[in-house]
Amino acid sequence: MIEIMQPPVEPFKIKVVEPVIIPSEERRKEAIREAGFNTFLLLSEDVFIDLLTDSGTSAMSDNQWAGMMMGDEAYAGSKNFYHLEQAIEDVLGFKYVVPTHQGRGAEHLMFQHLVKPGQIVPRNMYFTTSKLHVEIPGGKMVDTIIDEAHDPDNLHPFKGNMDLNKLQEYVDDYGPEKIACVSVEMNVNMAGGQPVSMENLRNLREFCNKYNLKIIYDATRSSENAYFIREREKGYENTPIIDILKEMMSYADGCIHSSKKDCLVNIGGFLATHDKEIFEGARNMVVVYEGLHTYGGMAGRDMEAVARGLREGAQYEYLNYRINQVRYLGELLKEANVPIVKPIGGHAVFLDALKFLPHLEREQWPAQTLAGAIYEDSAVRSMERGAVSKGRDKETGENVFPALELVRLTIPRRVYTNTHIEYTAGSIISLYEKRDTIPGLKMVYEPKYLRFFQSRFEQIEL
Ligand code: F0G
């Protein structure tokens, strides 16, 4: 694996800028308290560098902006839909496309169509909205990722891989008819942005063929996954990213896609499939929940930006810069012994909050605490990805404490310079040096669904 300490050179120049300021120390202290120590509740204007998410936060290219002016805002049959359909066929190889307003719209259609009460969906870890959309129609998501994914220090090059032995156990215990589908996330977000290998996808297809199980990808970060396959998997060193993507997708029956990530846009999503029956089911439902099947909640101009962004986001030169900018942040932190998830992932650097704040109990929400402390120190906004995100057990109502208690420093695409990355690293390193002075939190408000978005906390005296 390549170890770099040089920042990658940006393969673009900057045409438009948006001013940002660092709020005063006093304002930062006040702002995080007003937000109940939840970084989702901070005002954007109080944030200097926003690493909350890579979702919908990309900078679009001049080519995408030009496309926005070519929006065909017809209610039905917009030409931009057909451009999007063509781009998806060219880059991912799927024939059937249903547009949605964003990823969770596609999850809703897909899982409502496939999941019956009492069924399970094995998946390589979970994602918050995906898990909920499996539960709403009465299903349950079960974790079949390899064990290495739960260990932040394990250097397995494909920590997103499915464990086929775990999957076999579920097939034996439940029977194939109780498995709604097998779901595979590309570049697994909650595991630290860790890829799935082509070999694993190929073997999974073979396994699922034996039991007639459908495979549905969460293809949200599939271009970044394809980059890692090219970097790490024998035989793909010189393969164009688009060919890798097409091979990956050939092993799936369909996918959901939040275009707000790898497609370099601010809004959009889609469901795509090789399977006529899934297509018909989703197309019937899209008109109820999203909009007509040729816009699905997006404006014509949004679909054009997605179509162009999908092609741009699959270019090797762009991906090489992108992945290496994330890696640059991770390497700076690693160099200073700050505990992070290794190998450094595709879209973000994940801090290991249990090692960063070992003096806190799990019930004091170490990752939530750390995200608040980082903001207070530097006005850099990050996100908790640990027990608050995981939520409660559906049956017992108890808090679930996952092995990974992380803070995600998510890098928006083409937005921040390498100097912003260095500022962020500098702040976190200085915080790490005084880590034992950081007090924990108690939760004082908890909403019913996806609690991490709106829950509130107060500081506990050290
Ligand atoms: N699947 C994955 C793997 C995601 O990361 C997300 C969103 C979704 C589905 C849902 O898509 O937001 O367009 O409705 N992830 C964002 C994040 C919110 O910050 O990781 P959406």
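For the pair Tyr227/Asn324, a side-chain contact is recorded, criterion being any heavy-atom separation below 4.5 Å from C-beta on. Residues Asp50 and Val20 have side chains not in contact (no heavy-atom distance under 4.5 Å, counting atoms from C-beta outward). Contact of the Tyr445 side chain with the Phe457 side chain is not registered, since no non-hydrogen atoms from C-beta on lie closer than 4.5 Å. Side-chain contact between Arg308 and Val265: absent, with no pair of heavy atoms (C-beta onward) separated by less than 4.5 Å. Side-chain atoms of Glu458 and Leu441, non-hydrogen and from C-beta on, never get closer than 4.5 Å to each other. Between Met443 and Arg456, every side-chain heavy-atom pair lies at or beyond the 4.5 Å cut-off.
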>> Would Glu405 and Arg362 count as a salt bridge (charged side-chain N to carboxylate O under 4.0 Å, His left out) here? Give the steps.
In response: CA-CA 9 Å; Glu405 174 78 7; Arg362 293 299 298 261; 3.2 Å; yes
> Do Phe228 and Phe158 pass the ring-ring contact (aromatic ring centres under 6.0 Å, His included) test, and can you show the C-alpha distance, the side-chain angles, and the key distance before you say yes or no?
Replying inline: CA-CA 9 Å; Phe228 283 121; Phe158 290 104; 8.0 Å; no
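Side-chain atoms of Thr220 and Asp218 include a donor-acceptor pair closer than 3.5 Å. In the model, Lys261 has a side-chain atom that pairs as donor or acceptor with a side-chain atom of Ser258 under 3.5 Å. Remark: the Asn187 side chain and the Gln194 side chain contain no N/O donor-acceptor pair separated by less than 3.5 Å. Between the side chains of Glu107 and Ser130, at least one donor N or O sits under 3.5 Å from an acceptor N or O. In summary, the side chains of Ser389 and Glu384 do present a donor paired with an acceptor at a separation below 3.5 Å, with no hydrogens or angles considered. Counted by atom type alone, Asp163 and Thr144 present zero donor-acceptor pairs between their side chains at under 3.5 Å. In this model, no donor atom of one side chain and acceptor atom of the other lie less than 3.5 Å apart for Asn38 and Gln454. If you check the side chains of Tyr328 and Glu422, you find a donor sitting under 3.5 Å from an acceptor. With no hydrogens or angles considered, no side-chain donor-acceptor pair links Arg104 and Thr129 at under 3.5 Å. When only modelled atom types and interatomic distance are considered, Glu185 and Asn189 share no side-chain donor-acceptor pair under 3.5 Å. Residues Asp143 and His150 have side chains that bring a donor and an acceptor to within less than 3.5 angstrom of each other.
For the pair Arg385 and Phe452, the distance from NZ or CZ to the six-membered ring centre is under 6.0 Å and the angle to the ring normal is within 45 degrees.
Shortest non-hydrogen contact noted between Val188 and Gly160 is CG2-CA, 3.7 Å.
Judged by distance alone, the side chain of Tyr217 and the main-chain N or O of Met248 form a donor-acceptor pair under 3.5 Å. When atom types are taken as modelled, the side chain of Ser382 and the backbone of Leu51 share no donor-acceptor pair closer than 3.5 angstrom.
With a 6.0 Å radius and a threshold of 12 heavy atoms from other residues, nucleotides or ligands, Phe12 has its CZ atom above the threshold. Dense packing is recorded around CD of Glu237, with more than 12 heavy atoms of other residues, nucleotides or ligands lying under 6.0 Å away.
Separation of atoms CD1 (Ile14) and CD (Glu10) is listed at 7.0 Å; rounding is to 0.5 Å. Taking OG1 of Thr100 as the start and CE of Met285 as the end, the distance is 12.0 Å to the nearest 0.5 Å. A distance of 9.5 Å separates SG in Cys181 from CD1 in Ile215, rounded to the nearest 0.5 Å.
For the pairing with Arg413, the side chain to side chain donor-acceptor pair (under 3.5 Å) check across Gln325, Glu224, Glu312 returns one residue only, Glu224.
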